[in-house]
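Below is one structure, written out as structure tokens; the observations come after it.
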Protein chains: 2
Amino acid sequence: MSSSPMRRAHVPMSGAELALRLLAAFRGLVDDLHAELAGRGHAEARPLHGFALQAVGPTGATAVELGERLGVSKQAAGKTIDALEERGYVRRDADPADARRKIVTVTPRGHELLALSAEIFERLRARRAQQVGDAMPAFEAALRTLAPDVAIGLDSPGWFGR
Amino acid sequence: MSSSPMRRAHVPMSGAELALRLLAAFRGLVDDLHAELAGRGHAEARPLHGFALQAVGPTGATAVELGERLGVSKQAAGKTIDALEERGYVRRDADPADARRKIVTVTPRGHELLALSAEIFERLRARRAQQVGDAMPAFEAALRTLAPDVAIGLDSPGWFGR
DNA sequence: ACGGTATGGACAACGTAGTTGTCGATTATA
DNA sequence: TATAATCGACAACTACGTTGTCCATACCGT
């Protein structure tokens with residue numbers, strides 16, 4: 001046979017397969033994360049919440065700011081804040097310097113969710129890196145080329161599924 | 001410096017970054033596809049439609065079958081079929097052999113959408129392969145490892161966005 | 001100082017896509 | 001033949017997005 005030992009020729013993907021597998025890989029990560037989170041006291045956390053919480057950041061944010069960071073309307077951001085507040089992940093306080101604004105801050109429980117998510121995500125990534133093996137750096141480098149912007153627009157309902 | 005010429009050390013991704021970028025890469029592909037499709041007579045096609053249409057297949061399917069293939073309830077499949085039918089991509093015919101069943105088949109316009117989508121998807125993938133360069137085969141091989149199932153569950157509203 | 005404009009938040013109505021539950025009609029089976 | 005399973009449709013609901021409207025407050029130019 002050929003010179004290199006038992007290496008199969010790479011069968012290129014179709015464009016549709018590429019898209020589907022990117023989605024499937026994302027879904028796998030997110031589904032695994034939330035399966036874990038559910039077992040660790042955060043069953044009511046939806047996938048969107050972690051990302052939104054991260055976008056609130058350590059200094060807090062208003063609904064308008066959050067909307068900008070997430071790439072959604074201020075109304076959508078407001079609804080997300082409602083959900084986060086109901087679940088105890090953020091708090092809304094009046095801005096003493098501007099009576100129009102309400103400042104959203106992450107609560108201790110919110111920080112807990114964030115820390116837990118980061119920890120679980122790291123384990124999930126490590127598992128995948130192990131499966132992929134040597135090619136992981138090349139994979140990530142290529143993925144950075146394909147998706148240069150980290151700050152993705154979260155518009156379009158339900159990106160995160162159940 | 002090091003022995004290899006100007007090669008930067010790879011900075012590993014965080015798990016969250018990995019997830020976000022997978023989603024962003026998918027989104028980029030799908031958004032580009034539909035921008036093209038819109039300019040080619042298929043402005044009303046939603047991202048879900050292409051995948052559903054493909055799942056109907058050449059032999060046709062019932063709502064229950066389509067639901068199974070897509071990983072959603074038969075009711076959800078029924079609604080998708082409604083949307084596809086409204087836009088002229090599929091037809092519903094009574095099954096002569098079983099009065100309960102209605103067989104969904106792809107119309108010529110549906111086949112046109114499918115062919116056009118495949119063609120555009122190929123171009124989009126080619127562009128990305130060019131950007132990624134030599135690492136593309138490794139990237140796709142790794143992606144196959146990360147997402148072994150092509151038949152992804154399309155549950156959870158709005159995966160495809162606007 | 002004041003009136004016009006801009007900003008921030010809330011509310012409502014609506015769109016899309018999913019879910020579960022129910023039901024009638026039809027087919028399969030014991 | 002009576003009972004059970006299957007298929008499609010309808011309804012009510014959830015989640016998350018959108019636009020449009022409105023009010024209160026803040027900023028700014030004359």
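In the text below, chain A, chain B and the rest are named by the order of the sequence lines, each starting its count at 1. These numbers come from a predicted model, not from an experiment.
- Residues passing the side-chain hydrogen bond (donor to acceptor under 3.5 Å, both in side chains) test with B:Arg128 are B:Asp32, sequence neighbours excluded.
- In this structure, the side-chain contact (heavy atoms from CB on, under 4.5 Å) partners of B:Glu140, at least two apart in sequence or on a different chain, are A:His10, A:Pro12, A:Met13, B:Arg125, B:Met136.
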Checklist entry - Nucleotide by nucleotide, 5' to 3', does protein get under 4.0 Å of the base (B), only the sugar-phosphate (S), or neither (-) in nucleotides 23-30 of chain C, counting heavy atoms? => result --BBS---

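- Taking the six-membered ring where tryptophan is involved, the planes of B:Phe139 and A:Phe139 are essentially parallel, since the angle between them stays under 30° and well short of 60°.
- Counting non-hydrogen atoms under 4.0 angstrom, B:Lys102 reaches the backbone sugars and phosphates but no base.
- Across all strands, B:Ala63 comes closer than 4.0 Å only to sugar-phosphate atoms, never to a base (heavy-atom distances).
- Counting non-hydrogen atoms under 4.0 angstrom, A:Thr62 reaches the backbone sugars and phosphates but no base.
- Rounded to whole Å, the distance from CD1 on B:Ile81 to P on D:dC7 is 12 Å.
- Partners of B:Ala76 by side-chain contact (heavy atoms from CB on, under 4.5 Å), not counting sequence neighbours, listed by chain and number: B:Val72, B:Ser73.
- Two end axes, each from the C1' atoms of five base pairs, can be drawn for the helix from C:dA1-D:dT30 to C:dA30-D:dT1; they diverge by 10°, to 10 degrees.
- Residue A:Arg92 places at least one side-chain N or O closer than 4.0 Å to OP1 or OP2 of C:dA10.
- Under the side-chain contact (heavy atoms from CB on, under 4.5 Å) criterion, A:Ala52 pairs with A:Leu70, A:Thr80, A:Leu84, sequence neighbours left out.
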